[in-house]
Amino acid sequence: MLFLTRSDVERLLDPGRLIDAVAGAMKDLSEGRVSMPPRASAAVASQDAFLGVMPAYLEGGGVLASKLVSVFPRNGQAGLPSHHAVVVVFDAATGVPEAVMDGEHITAMRTAACSALSARLLAREDASRLAILGSGVQGHSHGVLLPMVRSFSSGTVAGRDLAKAERLAKELSEETGVSFTGTTAFEGAVEGADVVCVATLAAEPVLRRGWLAPGAHVISVGVNPAGREIDEDTVRDALVVVESRESTLAPAPVGANDVAWPVRDGVLDPADVVEIGELVAGTRTGRTSPDQLTLYKSAGVAVQDAAAAALVLDEARRQGAGTELAL
């Protein structure tokens, strides 16, 4: 069995190829060509945390994989990431374990890849200003991948810790060539932004409808079983796009309260919720006017991890990377 470290995965996973691979996986999911049960989880109530298991089989690519992911929202207080994960890939013909690899980088990158896909499909072509709310791991991955699909001239990173927001802004400026600044003013960061990415673990909304410019595309990737990071008015007024209606509308921690609660309260008709795979396939309509508000809400689905892990494993084999281990 091949063992791939975090540094291996970072080196082997190509972001551009990942966006396209995730697009194919989401299309297959919407068309029923994958096996992906709802995420199962064990709650760690004392820490407001959970351990989730996310298996998937992609029939078209012959990929069988499962991710174990822990989500501990309080980890920031100890200077630790909120998410930790490992991914195991199995031979789809025999079930023999083929590889185990770091899942933290895969989680960050596959999430950002599907967000970038949403921007490619829904953001205005002339989008030039990007706002990122959240200065953690997801803020970084989104700041790297979103400029791959739109030509942003400037960006802002907003976070509660100014030093951390400014540090991420500096890193993103150097990595992408886009001029980013850091701030603690969330409303100011959103003002005039064409694409707004919300990547927090907030239980109370950090994005308000009244802050958004006409025609903005909103990306929300934070999931907190105790609440939501975007307000109900934003969901009410937007074209809402998700990875999977079944997963997103399920009770927490599987689903996303940002969308599930408005459906529960009669604010949003579930029939109006579009799957991103349907946009890829062309079976549902995306943006219809320059001023339309669009929202992509991610809860995370296992087919994204499987698609990313398959790319990593293929490249590892090509390069002869990793360490062979015997169980």
Side-chain angles (χ1 to χ4, degrees), residues 1-2 4 9 12-15 17-42 50-71 83-118 141 221 223 241-256 275-281 296-317:
M1 184 177 69
L2 192 63
L4 296 163
V9 174
L12 296 168
L13 186 58
D14 179 81
R17 290 183 63 201
L18 179 59
I19 295 172
D20 292 336
V22 165
M26 301 314 298
K27 180 174 181 288
D28 286 348
L29 175 63
S30 291
E31 292 179 343
R33 291 202 298 269
V34 307
S35 175
M36 189 191 76
R39 178 172 57 212
S41 63
F50 65 89
L51 173 66
V53 57
M54 301 174 66
Y57 173 55
L58 280 64
E59 182 178 349
V63 182
L64 179 63
S66 185
K67 182 173 78 172
L68 279 171
V69 56
S70 63
V71 181
H83 292 60
H84 293 271
V86 294
V87 178
V88 182
V89 181
F90 300 84
D91 185 299
T94 65
V96 173
E98 291 187 301
V100 60
M101 64 187 73
D102 167 78
E104 291 179 46
H105 187 65
I106 282 178
T107 300
M109 295 300 284
R110 60 78 151 155
T111 303
C114 207
S115 294
L117 174 64
S118 82
S141 61
V221 301
V223 176
V241 177
V242 301
E243 296 139 327
S244 159
R245 277 181 291 272
E246 179 183 9
S247 294
T248 304
L249 299 180
V254 174
E275 292 187 347
I276 194 166
E278 295 171 332
L279 295 182
V280 175
Y296 165 66
K297 178 63 198 182
S298 170
V301 288
V303 295
Q304 297 166 341
D305 301 303
L311 286 181
V312 171
L313 183 55
D314 286 348
E315 190 62 21
R317 286 169 171 160

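Numbers here are sequence positions counted from 1.
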query = With sequence neighbours excluded, what pairs up with E278 under the salt bridge (charged side-chain N to carboxylate O under 4.0 Å, His left out) test?
reply = R245, R284
note = Tested for side chain to side chain contact (heavy atoms under 4.5 Å, CB included) against T111, the lone hit among I106, V22, V221 is V221
key: Distance-minimising heavy-atom pair for A306 and L58   = CB-CD1, 3.5 Å
key: Whether over 12 other heavy atoms sit under 6.0 Å from E104 CD   = yes
key: For the student: nearest non-hydrogen atoms of A65 and F90, plus distance   = CA-CD1, 4.5 Å
ask   = What heavy-atom pair brings A302 and A56 nearest, and what distance separates the two atoms?
value = CB-CB, 3.7 Å
note = In short, L18 meets A308 closest at the heavy-atom pair CD1-CB, 3.6 Å
Separation between CE of M101 and CE of M1, rounded to the nearest 0.5 Å = 10.5 Å
Separation between OH of Y296 and SG of C114, rounded to the nearest 0.5 Å = 3.5 Å
ask   = With sequence neighbours excluded, what pairs up with T248 under the side chain to side chain donor-acceptor pair (under 3.5 Å) test?
value = none
task = For R33, check salt bridge (charged side-chain N to carboxylate O under 4.0 Å, His left out) against everything at least two apart and list the hits.
result = D28, E31
inquiry  = Distance check, rounded to the nearest 0.5 Å: L29 atom CG versus Q304 atom CD?
reply    = 8.5 Å
key: Backbone of A108 reached by a side-chain donor or acceptor of S141 within 3.5 Å   = yes
query = How about T107 and D305: do any of their side-chain heavy atoms sit closer than 4.5 Å?
reply = yes
key: Separation of L311 CG from D20 CG (nearest 0.5 Å)   = 9.5 Å
query = Are side-chain heavy atoms of V301 and M26 found at a separation under 4.5 Å?
reply = yes
request  = Could you tell me whether a side-chain N or O of E243 sits under 3.5 Å from a main-chain N or O of G300, the two making a donor and an acceptor?
outcome  = yes
request  = Enter the distance from L4:CG to L13:CG here, rounded to the nearest 0.5 Å.
outcome  = 11.5 Å
Test item: L117 and V280 side chains (from C-beta on) under 4.5 Å apart, heavy atoms = yes
inquiry  = Would you compute the distance between atom NZ of K27 and atom CD1 of I276 and round it to the nearest 0.5 angstrom?
reply    = 14.0 Å
message = Quick check: do P15 and M109 have side-chain heavy atoms less than 4.5 Å from each other?
response = yes
Heavy-atom closest pair, residues L64 and Y57 = CD1-CB, 3.9 Å
ask   = Between R39 and S247, is any pair of side-chain heavy atoms under 4.5 Å apart?
value = no
remark   = Minimal heavy-atom distance between G62 and A92, with the atoms involved, is O-CB, 3.4 Å
